[in-house]
Amino acid sequence: MEHIHKVEVLKIHLRILGAIKFLVLCFLILSCSKKKEVIAPAALLPVPSTAQLEWHEMEMNAFIHFTINTFTDKEWGYGDESPSLFNPSQLNVDQWVTTLKAAGFKGIILTTKHHDGFCLWPSQFTEHSIKKSPYKEGKGDIVREVSEACKKHNLKFGIYVSPWDRNRSDYGTPPYVNYYRNQLKELFTAYGPVFEMWFDGANGGDGYYGGAKEKRRINGASYYDWPATLQMVRELEPDVIFFSDAGPGVRWVGNERGIAGETNWNSITPDTLFAGKAGIEKLLETGHEKGTHWIPAEVDVSIRPGWFYHAKEDTLVKSAEKLFDIYLTSVGRGSTLLLNVPPDKRGLFHENDVKVLKAWRALLDQEFKTNLAKNAKVEATSYRDENVVFSPLNISDENKETYWTTDDDVTTASLELELEDAATVKYVELQEYIKLGQRVQAFTVEVWKNNAWTKVADATTIGYKRILKFDPVNTEKVKINITASKACPVISSVKVY
Ligand code: FUL
């Protein structure tokens, strides 16, 4: 009897347990269905294309200026130089590419033709090329060598093809534009993939021009009919990034000193700009907050005073410290650095340049060795919809697709990072999630010192990446205050060194 009673009690217990389980399940289903919808901020136009985004992520590319000028000790060849002068004795493109790769460059842009018109590939459209030089008895092709070495070492390959040609007798007339296009066709058909194409702004002036030896002026806005030329190239290489003073892929930064504007918007309104247009330097340096197109600045600068190799500049190679400063004013201001390293007459990077590149790499690695934000406790004044998808923790998860953001009507906000231990800090590095556009207009950095917040830096734009350097300070807490933003800030990464 007793036994039967126990079984009944057990049954009742089981039923109660089942009911509880059912209720818990209902509650879970109900609360899940009630869960807020995840609504990311709308993109703030303009935004980068996929190819531009990849270009931003490269951060550092190298320029290689090498041509007949290397042998004539000039910066701009007149166009009458004999191809027989081009004779590198120990050319080794592997030395170029491996040196640059070790320094951290992701792509290389080679001067396939500079203003003097000499071609580093055996173009079928001119005799003014490497095929008439002693190099490999006229069988050489340095464009091919470099593009293949880039493939081998997994770097991207880009080309500089000067529109201005001081050798051609037809420069300034319509047939030359056809010649130029034929050369582009040759290059883009046989040497790709090409990630970036450089159109230089220097256009027209005096030159040899097939013996005419005169000054020729062209109308930079109309002579080349750029839209048609770009369209032709795009058909061969759809994702190529076009560099010129005003884009359309990336713009010139307005100076050759390695300095992007402290305020650096990735946007400009290009309608009234064209390669070679005078007086636009300042605008190119800062971009324009209300610009209609995403056309970021590229910072081109040479490791030496000149773009081409000159023995007299062997002692004037920029120091590792100078290159570090340039890194901060280019990559550290949301631009991509394009650092020129010119091979010498042997066809090698000079020992002094190689030494400096190594020291610079070591300096970068040393200064940015330990990211103190990695294990920091992070809090924000608010986060979007109080949804963990937009949590401030995203800034240190090393996932470039996650970010911290606020509600649409919140354009000022702070992030506080509490470091694991007190440490000496001297750099803060921030990244906006630029897929949704560039937003931040002003921000400050504070550190906790003597029981109070002390401002150590303030700045304007962030963009793809912003690095601020300040006097080293010992602290356990760092605060970022976004003080003005075009729309809710969207920050994907914060690092502290
Ligand atoms: C300038 C050119 O005139 C220089 O020679 C060099 O190629 C530099 C990168 O661009 O406009």
Please lay out, stage by stage, how Tyr180 and Val161 fare under the test side chain to side chain contact (heavy atoms under 4.5 Å, CB included). CA-CA 9 Å; Tyr180 184 66; Val161 195; 3.8 Å; yes
Short question: side chain of Arg216, backbone of Tyr171 - any donor-acceptor pair under 3.5 Å? yes
Where the side chain of Thr329 meets the backbone of Asp325, is there a donor-acceptor pair that is under 3.5 Å apart? yes
Verify the distance criterion only: is there a donor paired with an acceptor across the side chains of Tyr433 and Glu401 at less than 3.5 Å? yes
Evaluate Gln431 against Ile491 for side chain to side chain contact (heavy atoms under 4.5 Å, CB included), listing each step before the verdict. CA-CA 6 Å; Gln431 291 190 270; Ile491 307 294; over 6 Å; no
Considering residues, nucleotides and ligands other than Glu137, do more than 12 of their heavy atoms fall under 6.0 Å from its CD? no
Let me confirm one number: the CZ-CD1 distance from Phe118 to Ile68, rounded to the nearest 0.5 Å. 4.5 Å
Ring geometry between Trp96 and Phe66 (parallel below 30°, tilted from 30 to 60°, perpendicular above 60°): perpendicular
Just by distance, no angles: are the side chains of Glu57 and Tyr464 close enough, under 3.5 Å, to form a donor-acceptor pair? no
Presence of salt bridge, Glu298 and Arg251, under 4.0 angstrom: no
Compute whether any side-chain donor of one residue and acceptor of the other, for Thr229 and Arg181, lie under 3.5 angstrom apart. yes
Do NZ/NE/NH1/NH2 and the carboxylate oxygens of Arg234 and Asp239 come within less than 4.0 Å? no
Say whether Gln441 and Ser485, considering side chains only, have a donor N or O and an acceptor N or O under 3.5 Å apart. no
Using distance alone, with no hydrogens and no angle criterion, decide if His114 and Tyr160 have a side-chain donor and acceptor under 3.5 Å apart. yes
Could you tell me the separation between the CD atom of Glu313 and the CG atom of Asp344, rounded to the nearest 0.5 Å? 13.0 Å
Lys345 side-chain N/O to Thr70 backbone N/O, donor-acceptor pair under 3.5 Å: no
One thing to verify: whether Glu196 and Lys156 come together as a salt bridge, which I'm taking to mean a side-chain N less than 4.0 angstrom from a carboxylate O. no
Donor-acceptor under 3.5 Å (Tyr497 side chain, Tyr427 main chain): no
Stepwise, does the side-chain hydrogen bond (donor to acceptor under 3.5 Å, both in side chains) test hold for Ser267 with Glu289? CA-CA 7 Å; Ser267 44; Glu289 189 182 324; over 6 Å; no
Backbone of Val146 reached by a side-chain donor or acceptor of Glu148 within 3.5 Å: no
Rounded to the nearest 0.5 Å, how far does CD of Gln438 lie from OG1 of Thr461? 5.5 Å
Scan side-chain atoms only and decide if His65 and Thr111 contain a donor-acceptor pair under the 3.5 Å cut-off. no
Should we say atom CG of Asn154 is surrounded by more than 12 heavy atoms from elsewhere, each under 6.0 Å from it? no
Check for me whether Arg168 meets the cation-pi criterion with Tyr179, that is, NZ or CZ under 6.0 Å from the six-membered ring centre and within 45 degrees of the ring axis. yes
Does the distance from a Lys or Arg side-chain N to an Asp or Glu carboxylate O, for Glu351 and Arg346, drop under 4.0 Å? yes
Do the rings of Tyr176 and Tyr223 sit parallel, tilted or perpendicular, given the 30° and 60° boundaries? parallel
Report yes or no: is the cationic atom of Lys486 (NZ for Lys, CZ for Arg) closer than 6.0 Å to the six-membered ring centre of Trp265, at no more than 45° off its axis? yes
Under a 3.5 Å distance rule, please check whether Glu262 uses its side chain to pair with a backbone N or O of Thr460 as donor and acceptor. yes
Verify whether the ring centers belonging to Phe157 and Phe195 lie closer than 6.0 Å. no
Thr402 and Asp397: side-chain hydrogen bond (donor to acceptor under 3.5 Å, both in side chains), yes or no, with the steps? CA-CA 8 Å; Thr402 62; Asp397 67 357; 2.5 Å; yes
Quick check for you: to the nearest 0.5 Å, what is the distance between Phe71 atom CZ and Leu85 atom CG? 9.0 Å
Verify whether one side chain among His310 and Asp73 offers a donor that lies under 3.5 Å from an acceptor in the other. yes
Inter-residue atom distance Ser319.OG - Trp360.CH2, 0.5 Å rounding: 12.0 Å
Under a 3.5 Å threshold, yes or no: a donor from one side chain and an acceptor from the other, between Asp141 and Tyr191? yes
Run the side chain to side chain contact (heavy atoms under 4.5 Å, CB included) test on Met60 and Val331 for me, step by step, so that the C-alpha distance in whole Å, both residues' side-chain angles and the decisive distance to 0.1 Å come before the verdict. CA-CA 8 Å; Met60 299 204 319; Val331 177; 4.1 Å; yes
Around atom NZ of Lys139, are there more than 12 heavy atoms from other residues, nucleotides or ligands closer than 6.0 Å? no
Please report the interatomic distance OG1(Thr99) to CG(Asp353), rounded to the nearest 0.5 Å. 10.0 Å
Just checking, any donor-acceptor pair under 3.5 angstrom between side chains of His153 and Asp94? yes
Looking at Lys132 and Glu127, is there a salt bridge between them, counting it only when a charged N and a carboxylate O are closer than 4.0 Å? yes
Just by distance, with hydrogens left out, do Asn203 and Tyr224 show a side-chain donor and acceptor under 3.5 Å apart? yes
Any side-chain donor near an acceptor of the partner, Ser335 and Asn264, under 3.5 Å: yes
Assess whether a salt bridge exists between Asp365 and Lys369, defined as any Lys/Arg side-chain N lying under 4.0 Å from an Asp/Glu carboxylate O. no
Between Lys426 and Glu367, does any NZ, NE, NH1 or NH2 come within less than 4.0 Å of an OD or OE carboxylate oxygen? yes
N-O pairing of Asp165 and Lys113 below 4.0 Å: yes
Less than 4.0 Å between a side-chain N and a carboxylate O, is that true for Lys495 and Glu398? no
Which label fits Phe242 and Phe199: parallel for a plane angle under 30°, tilted from 30 to 60°, or perpendicular past 60°? parallel
Modelled atom types, side-chain donor and acceptor of Trp307 and Glu75, under 3.5 Å: no
Determine, stepwise, if the pair Gln52 / Val47 fulfils side chain to side chain contact (heavy atoms under 4.5 Å, CB included). CA-CA 9 Å; Gln52 285 173 321; Val47 294; over 6 Å; no
Does the salt bridge (Lys or Arg N to Asp or Glu O under 4.0 Å) test come out yes or no for Lys465 and Glu59, once each step is laid out? CA-CA 9 Å; Lys465 184 172 272 188; Glu59 296 191 8; 2.9 Å; yes
Trp76 side chain to Asn69 side chain, donor-acceptor N/O pair below 3.5 angstrom: no
ring-ring contact (aromatic ring centres under 6.0 Å, His included) partner of Phe243, the single match among Trp55, Trp198, Trp252, Phe63: Trp198
Spell out, as yes or no, whether a donor-acceptor pair under 3.5 Å connects the side chain of Glu432 to the backbone of Val440. yes
Any side-chain donor near an acceptor of the partner, Gln183 and Ser123, under 3.5 Å: yes
NZ (Lys131) with more than 12 external heavy atoms under 6.0 Å: yes
Residues Asp116 and Lys74 bridged, charged N to O under 4.0 Å: no
Quick check: are there more than 12 heavy atoms from other residues, nucleotides or ligands sitting under 6.0 Å from NZ of Lys151? yes
